[in-house]
There are 2 protein chains.
Amino acid sequence: MAIQAKTRNEVAFARLRGDILSGRLIPGQKLAFAELCESYGVSVGVIREALSRLVEQGLVHSAPQQGFFVTTISGPDLVYLTQARCEIESLVLAHAIAEGNVEWESLVLASHHRLVNAPLVSPEDPERLSEEWVERHSDFHQTLLLGCENPRLRGIAGQLRDSAELYRRWSVPFDHEGDRDIAGEHALIVEAVLKRDTALATQRLVEHISKTTSLLLESGVVEGAEKR
Amino acid sequence: MAIQAKTRNEVAFARLRGDILSGRLIPGQKLAFAELCESYGVSVGVIREALSRLVEQGLVHSAPQQGFFVTTISGPDLVYLTQARCEIESLVLAHAIAEGNVEWESLVLASHHRLVNAPLVSPEDPERLSEEWVERHSDFHQTLLLGCENPRLRGIAGQLRDSAELYRRWSVPFDHEGDRDIAGEHALIVEAVLKRDTALATQRLVEHISKTTSLLLESGVVEGAEKR
DNA sequence: ATTTGGGACAATTTCGAAATTTAGTTGACC
DNA sequence: GGTCAACTAAATTTCGAAATTGTCCCAAAT
């Protein structure tokens with residue numbers, strides 16, 4: 001008896017979700033059933049169910065009788081998303097600083113250490129962020145908010161962060177203007193969090209989030225991508 | 001050729017969602033396929049897809065190989081949900097007051113007027129809120145937040161309000177302590193909103209949301225319902 | 001030259017049964 | 001008398017084809 005605790009639906013959902021968040025499936029791309037069925041080795045019903053769940057998460061868009069597509073990106077949406085993230089992640093981080101215990105502080109330190117010791121750019125393509133760094137970066141920010149006791153607030157913040165992952169593929173690892181230090185920004189956030197300085201921590205988090213969006217908008221790559 | 005713009009999936013989803021939000025399907029209840037298929041006149045695949053979407057909305061819970069259930073309610077969850085609603089709806093209302101135009105003010109007045117002219121309790125059962133009032137009450141609160149330009153923030157607030165509908169079935173229309181005036185609370189919120197007094201409006205909104213939760217927790221009906 | 005209609009093709013949507021798994025019950029054995 | 005195993009029954013999960021709908025191309029008419 002093979003150990004198959006997870007249903008085929010769950011694995012298809014997890015894999016589809018991973019393919020979208022990692023950028024292997026790019027915004028605007030059509031998600032055809034025939035192709036996905038063969039690729040994942042399951043029937044259309046399983047794929048439909050997984051896609052429906054992703055629609056509700058905002059990662060996939062469905063047009064009735066027309067199919068499913070990876071949610072498209074756009075400049076205005078990025079602005080809205082960034083505003084929402086700044087305000088809500090600040091709120092949740094404030095809760096975390098107020099409610100988090102020593103165990104949480106340890107987790108923050110640990111996840112930050114893992115992030116620092118990850119290569120920023122991919123070995124094979126120095127123009128793209130490494131998958132390892134993206135994974136640890138996501139973990140680090142999620143851990144920052146883990147001190148907040150309210151699971152509803154944590155869930156909402158995580159949902160917004162997932163949506164933002166759609167844009168990460170287009171982020172440039174190097175700031176060509178030369179005046180950015182991502183690692184330093186993370187370190188400053190950790191410092192303020194451990195000092196329990198809520199105002200300083202939220203301010204630095206907002207600047208960190210805003211900076212990424214500003215550079216992305218200025219690069220003009222979003223407008224180029226949304227034409228698909 | 002019959003005009004059927006909506007797929008069977010969409011109608012099943014909408015109807016299931018309505019049945020849950022209106023309390024016809026109560027928290028903890030099992031959602032068996034055979035029953036739903038006959039009731040809605042569709043096959044299992046359609047039901048599965050609709051249920052999967054509702055799972056992602058937090059209205060339905062799924063246990064692999066075991067079926068789907070209406071999300072259960074609990075005291076702790078109600079506390080978390082209320083805290084999240086207070087903080088996020090305040091945030092969105094502040095945006096609405098800052099960004100909303102005259103057209104939005106008109107919508108607020110209109111939806112409030114419709115709410116005032118709806119019967120509070122059901123004609124056949126004076127112990128329960130009327131469906132008409134619940135519908136208009138939901139519309140009123142949604143309209144309040146409609147002035148916020150950011151669709152992401154509006155969506156999050158609406159999502160939290162939907163989750164709170166699971167608890168509305170257990171709300172008592174009459175405050176047996178006798179010191180509550182729901183209609184008055186709504187009027188005060190409208191007044192503060194039209195005066196563009198952000199601090200006062202958000203304060204009154206928070207008190208309005210908190211009051212409902214307090215009465216529900218004090219009544220002890222939630223602990224009785226979650227035992228199912 | 002543009003538009004309108006028909007028709008073949010491809011894709012999504014829906015169905016109903018087969019395959020798996022879980023829950024409940026009966027029986028045998030310690 | 002209690003525990004465990006196997007069997008039965010009911011439910012979920014999965015599949016693959018049928019039905020429906022949208023898309024595209026081409027021909028005919030304005």
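In the text below, chain A, chain B and the rest are named by the order of the sequence lines, each starting its count at 1.
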Item to complete: For B/Val42, report the nucleic acid contact type (base, sugar-phosphate, nothing); a contact means any heavy atom under 4.0 Å.
Response: sugar-phosphate

Worksheet item: Which residues pass the ring-ring contact (aromatic ring centres under 6.0 Å, His included) test with B/His186, sequence neighbours left out?
Response: B/His137, B/Phe140, B/His141, B/His208

Worksheet entry | Nearest-Å distance for atom pair CG/P, residues B/Leu36 and D/dT13 | 13 Å

Worksheet item: Can you tell which of C/dT14, D/dT13, D/dG22 lies closest to the side chain of B/Thr7?
Response: C/dT14

Response to the item:
From CG of A/Leu31 across to P of C/dT13 the rounded distance in Å is 12 Å

Worksheet item: Quick one: on DNA chain D, does A/Gly41 or B/Gly67 contact a more 5' nucleotide (nearest heavy atom)?
Response: B/Gly67

Fill in: Distance test, side-chain N/O of B/Arg8 to OP1/OP2 of C/dC15, below 4.0 Å
yes

Discussion item. Looking at B/Glu99, I'd like to know if its CD atom is crowded, meaning that more than 12 non-hydrogen atoms belonging to other residues, nucleotides or ligands lie closer than 6.0 Å.
Written reply: yes

Fill in: Nucleic acid contacts - residues 46-59 of chain A versus DNA chain D, non-hydrogen atoms under 4.0 Å
A/Val46

Worksheet item: Hey, are B/Thr7 and B/Glu10 close enough side-chain-wise for a donor-acceptor pair under 3.5 Å?
Response: yes

Discussion item. If you apply the rule side-chain hydrogen bond (donor to acceptor under 3.5 Å, both in side chains), what do you find for A/Ser122 with A/Glu124, and how did you get there?
Written reply: CA-CA 6 Å; A/Ser122 173; A/Glu124 57 261 16; 3.3 Å; yes

Response to the item:
When rounded to whole Å, the CD to C1' distance for the pair B/Glu38 and C/dG16 reads 15 Å

Item to complete: Answer yes or no: does a side-chain N or O of B/Gln66 lie under 4.0 Å from OP1 or OP2 of D/dT13?
Response: no

Discussion item. Check this one for me: any side-chain N or O of A/Lys30 less than 4.0 Å away from OP1 or OP2 of C/dT12?
Written reply: yes

Item to complete: Round to a whole Å and report the spacing from CD of A/Glu10 to P of D/dT13.
Response: 9 Å

Item to complete: Calculate the interatomic distance between A/Phe33 atom CZ and D/dG22 atom C1'; express it in whole Å.
Response: 14 Å

Practice prompt. Rounded to the nearest angstrom, tell me the gap between atom CG in A/Asn9 and atom P in C/dT21.
Written response: 15 Å

Worksheet item: In a check of side-chain contact (heavy atoms from CB on, under 4.5 Å) between A/Leu107 and each of A/Thr143, A/Leu144, A/Asp139, which one passes?
Response: A/Thr143

Discussion item. From CZ of A/Phe69 over to P of D/dG22, roughly how many Å is that when rounded to an integer?
Written reply: 13 Å

Worksheet item: Less than 4.0 Å between a side-chain N and a carboxylate O, is that true for A/Glu89 and A/Arg161?
Response: yes

Let me have the donor-acceptor pairs involving side chains of residues 37-46 of chain B, under 3.5 Å, with sequence neighbours excluded, atom names and distances please.
| from | atom 1 | to | atom 2 | distance (Å) |
| --- | --- | --- | --- | --- |
| B/Tyr40 | OH | B/Asp19 | OD2 | 2.7 |

Worksheet item: Starting at CZ of A/Phe68 and ending at P of D/dT21, how long is that distance when rounded to a whole Å?
Response: 17 Å

